[in-house]
Every structure is written in C-alpha cells, then in structure tokens.
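Heads up, the thing below is written out as structure tokens.
These numbers come from the heavy atoms of this one structure, side chains and all, not from hydrogens, waters or symmetry mates.
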Amino acid sequence: MKKLLLLLIINCQLSIFNSYSQNLDFSYNGHARTCILHLPTGYADSVDYPLVLNLHGYGSNAGQQQVYSGMNTVADTAKFIVAYPNAFNGGWDTNLTVSVIDDPGYLNA
C-alpha cells in the first residue's frame with residue numbers, strides 16, 4: 001500500500017511538472033496576489049478558450065488545489081484554461097461589502 005501511495009504521489013507531481021502551467025504574480029488593490037494558470041495541451045493564441053476558476057478551500061492553496069482536483073487533465077481533454085488563484089492569507093474574503101482585499105475584484109481581474 002505504501003508503494004502504491006508513493007507511486008501515485010510521484011505520478012501527480014510529474015503530471016504537474018510536465019503540464020503547461022505557469023505561476024502568475026501581480027498586484028491587485030495594493031496586495032501581492034498569485035495564481036497558477038494551466039493552458040491546455042495544444043494551446044494556440046489564435047483560439048478562444050473558456051476559463052475555469054478552481055478555488056481552494058480555507059487554509060489550502062493553489063498548488064494543493066491543482067493536485068487535489070486533477071483539473072489539469074480535464075482541461076487538457078476538454079480544451080479549457082484553468083486558473084488556480086491563491087486567497088489572501090489562506091481564506092477568501094466572502095464579505096461582499098467594500099473590503100480592502102476585494103476577492104471578487106481580484107478574481108475578475
């Protein structure tokens with residue numbers, strides 16, 4: 001069982017490293033924000049692709065969500081872009097009133 005689990009972990013890691021994923025770092029609303037962006041295999045600039053936002057749970061992060069969800073494989077098959085944004089300090093700002101963090105604005109950006 002331990003060998004099988006180790007093999008699964010190695011396969012997950014290899015699939016991430018061999019994919020078309022890249023880290024994006026930018027500033028939004030005065031805060032440094034990060035996101036992992038996965039482009040489907042065969043991506044072409046001339047083609048319009050749907051975008052799927054894959055949000056992690058409280059206390060998790062984009063890299064963990066990327067591995068946990070397995071969405072890269074689905075994106076490659078169905079030909080869509082998937083973004084794994086990181087929440088600020090590990091939790092999404094669910095307060096829809098005006099906020100310093102403004103996660104809805106960040107996700108829209």
Any heavy-atom pair between the side chains of P104 and W92 that's under 4.5 Å?
no
Quick one: does any side-chain atom of S60 pair with a main-chain N or O of H56 as donor and acceptor, under 3.5 Å?
no
Once rounded to the nearest 0.5 Å, what's the spacing between atom OG1 of T34 and atom CG of N61?
8.5 Å
Sequence neighbours excluded, the answer for ring-ring contact (aromatic ring centres under 6.0 Å, His included) partners of Y43 is Y49
Report the residues that fulfil side chain to side chain contact (heavy atoms under 4.5 Å, CB included) with A83, sequence neighbours left out, ordered by chain and then residue number.
C35, L37, L51, L53
For residues 23-37, which residue pairs pass the salt bridge (Lys or Arg N to Asp or Glu O under 4.0 Å) check, not counting sequence neighbours?
R33-D103
Using ring-ring contact (aromatic ring centres under 6.0 Å, His included) as the criterion, list what pairs up with Y28, not counting sequence neighbours.
none
For F80, all residues meeting side chain to side chain contact (heavy atoms under 4.5 Å, CB included), sequence neighbours excluded:
P50, V52, M71, V74, A75, A78, V82
If only side-chain N and O atoms count, and only distance matters, is there a donor-acceptor pair under 3.5 Å linking H31 with D102?
no
Closest non-hydrogen atom pair, T41 against K79:
O-NZ, 2.7 Å
N54: side-chain hydrogen bond (donor to acceptor under 3.5 Å, both in side chains) partners, not counting sequence neighbours:
Q65, S69
Contacts of A32 that satisfy side chain to side chain contact (heavy atoms under 4.5 Å, CB included) - sequence neighbours left out:
none
Do I81 and V47 share a hydrophobic cluster, counting only Ile, Leu, Val, Met, Phe, Trp and Tyr and linking them when any side-chain heavy atoms are less than 4.5 Å apart?
yes
List in chain and number order the residues that pass side chain to side chain contact (heavy atoms under 4.5 Å, CB included) with N23, two or more places apart in sequence or in another chain; answer none if no residue qualifies.
I36
Applied to residues 48-75, the salt bridge (Lys or Arg N to Asp or Glu O under 4.0 Å) test, sequence neighbours excluded, yields none
Can N86 and Y106 be counted as having a side-chain donor-acceptor contact under 3.5 angstrom?
no
Using a 6.0 Å cut-off, check whether atom CZ of F26 has over 12 heavy atoms from anything other than its own residue.
yes
